[in-house]
Amino acid sequence: MRTSTPLLALFCVFVLKIGGILWLRFATSLNPTYTYEGEDYPRAWPIPMAGPVHMPLENTVRYALDSPDGELEWDAMTPENGILHLGKHKQPFSISMFHQLRCISLLRREMLSAQKTNQTKPDDPLNTHCLNYMRQQLFCAADTVLDVVLGPLYHPLVAPEFFSCKNWEMVYDAVRKNQRGESH
C-alpha cells in the first residue's frame, strides 16, 4: 500500500500541473492583449458588438452616384479614410467594412468617369483589386438569406424584405473614439 502513495502523489502533481497550464491558456485567451506590432494583433478588431439590427431594403435619395451631396455622403462612410491607429505605437489599420466601402466608392467613381469620358480602365490594378476583394468578401459571407424573385427569370428582379445586420453604428462609435485618441 505504501508504494502506491508516492505514485498517487506524483499523479496528482502531474494532473495539477496540466490543469494549471490549461487554465492559464484558457484564462489568457479570454482577454488577450496585443501590442499591434508586427504579427501581434487580432484577426478582428475586438470591440463590443450588439445586434442584430434590421435594415429594410429601400431605394434611397441618399448616396447619389453623381452629385456633390452624394459625393460627401459616400466620403462620410469612411471617416479619415477608415484608418484606425492601434497600440502604443499607433500602428495604422483598416477594417474590412471600410475597405469594402472604399472599393465600392472607387468603382462608383470609375463608372462615372467611364460614362463622362467614354473610356474604361478594366485593367487598372486598383479596379481589379477592388473587384476581386469584393468578390472574395461576398463568398466569405456566403449569405444564404432567401430573396423573393419577381419578374421573368431571364432578368430577375430580386426583392429582399430586409437585412439582418451587425450593428454598424457600434463600429462607427468605436472608430470615432479611436480617431479622437480615446481608445486602443
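Along the sequence shown, the residues carry numbers beginning at 1.
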Sorted by chain and residue number, the side-chain hydrogen bond (donor to acceptor under 3.5 Å, both in side chains) partners of Glu73 (sequence neighbours excluded) come out as Arg62
Taken in chain and number order and not counting sequence neighbours, the residues that satisfy side-chain hydrogen bond (donor to acceptor under 3.5 Å, both in side chains) with Lys166 are none
To the nearest 0.5 Å, how far apart are [atom1] in [X] and [atom2] in [Y]?
{"X": "Leu101", "Y": "Met77", "atom1": "CG", "atom2": "CE", "result": "5.0 Å"}
{"X": "Tyr63", "Y": "Ile104", "atom1": "OH", "atom2": "CD1", "result": "11.5 Å"}
{"X": "Ile47", "Y": "Met170", "atom1": "CD1", "atom2": "CE", "result": "7.5 Å"}
{"X": "Glu182", "Y": "Lys177", "atom1": "CD", "atom2": "NZ", "result": "7.0 Å"}
{"X": "Asn178", "Y": "Ile83", "atom1": "CG", "atom2": "CD1", "result": "10.5 Å"}

Contacts satisfying ring-ring contact (aromatic ring centres under 6.0 Å, His included) that involve residues 100-133 (not counting sequence neighbours) are His99-His129, His99-Tyr133, His129-Tyr133
Shortest non-hydrogen contact between [X] and [Y], atoms and distance:
{"X": "Ala64", "Y": "Trp74", "result": "O-NE1, 3.5 Å"}
{"X": "Tyr36", "Y": "Pro46", "result": "OH-CD, 3.9 Å"}
{"X": "Ser94", "Y": "Gly82", "result": "OG-O, 3.4 Å"}

[X]-[Y] co-clustered via ILVMFWY side chain contacts under 4.5 Å:
{"X": "Leu57", "Y": "Met55", "result": "yes"}
{"X": "Met134", "Y": "Phe163", "result": "yes"}
{"X": "Leu126", "Y": "Met111", "result": "no"}
{"X": "Leu65", "Y": "Leu107", "result": "no"}

Requested in this report: Evaluate the criterion side-chain contact (heavy atoms from CB on, under 4.5 Å) for residue pair Leu86 and Tyr41; output intermediate values, then yes/no.
Outcome: CA-CA 9 Å; Leu86 302 172; Tyr41 59 89; over 6 Å; no
Original post:
Can you check salt bridge (Lys or Arg N to Asp or Glu O under 4.0 Å) on Glu71 and Arg109, steps first, answer last?
Top reply: CA-CA 9 Å; Glu71 189 73 23; Arg109 286 187 185 113; 2.8 Å; yes
Next on the checklist: Do Gln91 and Tyr34 make a side-chain contact, defined as non-hydrogen atoms from C-beta onward lying under 4.5 Å apart?
Outcome noted: no
Checklist entry - Between Phe98 and Pro79, is any pair of side-chain heavy atoms under 4.5 Å apart? => result yes
Is the count of non-hydrogen atoms from other residues, nucleotides or ligands lying under 6.0 Å from Leu72 atom CG greater than 12? yes
*asked:* Quick check on Asn118: does its CG atom have over 12 non-hydrogen neighbours (other residues, nucleotides or ligands) under 6.0 Å away?
replied: no
**Sidechain-backbone polar pair: Asn127 side chain, Glu110 backbone, donor-acceptor under 3.5 Å** = no
Between Arg102 and Ser105, is any side-chain donor less than 3.5 angstrom from a side-chain acceptor? no
Residues pairing under disulfide bond (SG atoms under 2.5 Å apart) where one sits in residues 49-102, two or more places apart or in two chains, turn out to be none
Disulfide bond (SG atoms under 2.5 Å apart) pairs touching residues 107-146, sequence neighbours excluded, are Cys103-Cys130
Assess whether side-chain contact (heavy atoms from CB on, under 4.5 Å) is satisfied between Val171 and Met49, documenting all intermediate values. CA-CA 8 Å; Val171 175; Met49 294 293 291; 3.9 Å; yes
For residues 136-155, the side chain to side chain donor-acceptor pair (under 3.5 Å) pairs (sequence neighbours left out) are Gln100-Gln137
